[in-house]
Participant: 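Below are the structure tokens for one structure; questions will follow.
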Amino acid sequence: MPEGHTVHRLARDLARDFSGRRVSASSPQGRFEEAVRLQGRTLSRTHAIGKHLFLEFRDLRVHVHLGLFGKFRRVRAGAEPRPTVRLRLSTEDITWDLTGPTACELMDDDAFDALRDRLGADPLANEVRPKSTWTRLHASRRSIGALLLDQSLFAGIGNVYRAELLFLVGLHPNTPGQDVPRPTFERLWRLAKDLLQRGVEANRIITVPLAERRPAARSRREQLYVYRRTTCGRCGASVARTTSAARTLYYCPVCQPPIFAEHAQ
DNA sequence: ATGTCATGATAAC
DNA sequence: TTATCCTGACATA
């Protein structure tokens with residue numbers, strides 16, 4: 001489930017449960033031995049940049065990246081941890097278990113600065129989007145499909161949001177970055193902010209407006225337009241799939257025609 | 001029991 | 001480009 005919205009939501013939920021509290025920390029799996037250094041420390045705050053989560057314990061910082069498989073879930077207090085739990089954080093009445101992360105490590109300031117510097121703009125960050133996002137996109141011959149997954153450009157976008165954003169702005173995934181019109185990019189960015197924020201609130205990805213959702217169909221799949229669908233959620237055409245940036249990319253050939261076709265009309 | 005696939009990213013060829 | 005790491009749910013046998 002981890003795209004940027006998941007990680008920002010985790011930052012919020014973990015802060016609500018642990019911020020200002022002394023926590024117990026352990027690594028039942030044993031692959032994060034430094035957990036003992038956190039034992040009894042107070043969590044100052046948490047924050048997220050793109051898909052990276054940071055837990056700040058005054059003088060120590062934990063960096064977590066969920067990767068494709070990672071999950072950080074609240075479990076029944078004191079429950080027997082499954083053997084794969086890399087990190088368990090708990091107070092007397094609250095327990096969170098982290099499993100399957102790509103990264104769970106202590107991170108010093110230099111490494112943090114370096115990491116932040118290689119991440120692009122996060123649509124969920126409050127800061128104004130840097131000009132470099134458009135500049136780089138507009139100069140690139142790489143496809144918009146590949147660019148959207150590039151974390152040094154768009155921090156927090158993942159494979160689901162990529163497909164859905166391209167659908168919503170009607171862009172064919174192969175469109176070179178340099179051919180994306182400025183207004184389309186601006187719509188894309190605004191949509192990314194809106195959808196990710198909505199994802200944080202719902203704690204799941206929802207891209208279909210509430211009004212368009214069929215009441216009877218509440219499964220997650222029904223709330224997306226093209227991702228992992230066989231037919232387009234808007235026009236019903238067969239959804240096409242291609243591979244872009246080593247991931248499966250779904251798009252509607254009708255709603256997302258190649259850009260030269262738009263000009264040809 | 002075994003195989004497949006996944007909302008990620010990196011290192012090596 | 002491909003291989004690799006991380007885990008678990010579900011399908012197939």
Side-chain angles (χ1 to χ4, degrees), chain A residues 1-11 27-33 35 48-54 62-75 79-88 96-105 107 111 114-120 122-124 142-143 145-168 173 191-192 195-208 219-230 233 239 241-251:
Chain A
M1 319 196 36
E3 293 192 26
H5 69 296
T6 303
V7 179
H8 279 76
R9 176 60 180 253
L10 277 172
S27 180
Q29 179 194 50
R31 291 187 56 183
F32 180 50
E33 291 159 17
I49 308 177
K51 298 169 189 169
H52 298 262
L53 173 66
F54 304 95
V62 179
H63 166 236
V64 172
H65 192 292
L66 295 175
L68 189 53
F69 308 137
K71 286 189 168 54
F72 211 153
R73 47 198 154 195
R74 204 178 153 157
V75 299
E80 185 67 21
R82 57 176 88 193
T84 52
V85 174
R86 184 80 56 89
L87 170 64
R88 165 168 284 196
W96 283 80
D97 284 346
L98 170 66
T99 56
T102 286
C104 175
E105 61 192 356
M107 180 172 268
L115 171 55
R116 190 178 40 188
D117 287 350
R118 71 177 170 76
L119 291 175
D122 181 344
L124 283 171
R142 298 165 64 205
S143 70
L147 292 170
L148 274 172
L149 279 193
D150 183 341
Q151 301 297 297
S152 75
L153 215 43
F154 300 98
I157 302 293
N159 205 26
V160 180
Y161 280 119
R162 161 171 81 161
E164 297 291 301
L165 285 168
L166 288 175
F167 172 84
L168 285 164
L191 215 42
L195 292 184
L196 278 160
Q197 191 54 53
R198 190 170 167 200
V200 172
E201 299 310 326
N203 210 358
R204 64 201 293 197
I205 299 175
I206 301 173
T207 61
V208 175
S219 80
R220 183 166 60 98
R221 197 159 296 188
E222 259 75 33
Q223 300 177 49
L224 302 175
Y225 285 106
V226 289
Y227 179 77
R228 283 244 240 169
R229 291 185 55 120
T230 52
V239 165
R241 28 154 102 203
T242 181
T243 297
S244 164
R247 316 295 299 284
T248 304
L249 173 44
Y250 302 79
Y251 66 100

Participant: Could you state the atom-to-atom distance from CG of A:Leu68 to P of B:dT10 in whole Å?
Facilitator: 14 Å

Participant: Work out how far the P atom of C:dC5 is from that of B:dC13, and round it to whole angstrom.
Facilitator: 14 Å

Participant: Would you measure the distance from the P atom in C:dA13 across to the matching atom in B:dC5 and give it in whole Å?
Facilitator: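 Their P atoms lie roughly 14 Å apart.
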
Participant: Using a strict threshold of under 4.0 Å (side-chain N to carboxylate O), is an ion pair present between A:Asp97 and A:Arg73?
Facilitator: no

Participant: Say you pick atom C1' in B:dA9 and the same atom in C:dA9; how far apart are they, in whole Å?
Facilitator: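 Each nucleotide's C1' atom is 22 Å from the other's.
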
Participant: Could you check how far CG of A:Leu66 sits from C1' of B:dA6, rounded to whole Å?
Facilitator: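 The distance from CG of A:Leu66 to C1' of B:dA6 comes to 14 Å, rounded to the nearest Å.
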
Participant: Using a 4.0 Å heavy-atom cut-off, does A:Gln29 contact any base of the nucleic acid, only the sugar-phosphate backbone, or nothing at all?
Facilitator: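 A:Gln29: backbone/sugar contact only, no base atoms under 4.0 Å.
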
Participant: Can you tell me how far P of B:dT10 sits from CD of A:Gln151, to the nearest Å?
Facilitator: 9 Å

Participant: Scan A:Thr84 against the nucleic acid and name what it touches under 4.0 Å (heavy atoms): base, sugar-phosphate only, or nothing.
Facilitator: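 Sugar-phosphate, backbone atoms only, no base.
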
Participant: In whole Å, what is the span from the CG atom of A:Leu53 to the P atom of B:dG8?
Facilitator: 16 Å

Participant: Measure from the side-chain heavy atoms of A:Arg82 and tell me the nearest of B:dG8, C:dG8, B:dA6.
Facilitator: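 The closest nucleotide is C:dG8.
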
Participant: Would you mind classifying the nucleic acid contact of A:Lys71 as base, sugar-phosphate or nothing, using non-hydrogen atoms under 4.0 angstrom?
Facilitator: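 Touches nothing.
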
Participant: Using a 4.0 Å heavy-atom cut-off, does A:Arg73 contact any base of the nucleic acid, only the sugar-phosphate backbone, or nothing at all?
Facilitator: sugar-phosphate

Participant: Work out how far the C1' atom of B:dT7 is from that of C:dT1, and round it to whole angstrom.
Facilitator: 23 Å

Participant: Tell me: NE2 of A:His63 to P of C:dC6, nearest whole Å?
Facilitator: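 In whole Å, C:dC6 P lies 17 Å from A:His63 NE2.
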
Participant: Roughly how far apart, to the nearest Å, are C:dA3 and B:dT4 at atom P?
Facilitator: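 That atom pair is separated by 15 Å.
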
Participant: How is A:Arg162 classified with respect to the nucleic acid when contacts are heavy atoms under 4.0 Å: base, sugar-phosphate, or nothing?
Facilitator: nothing

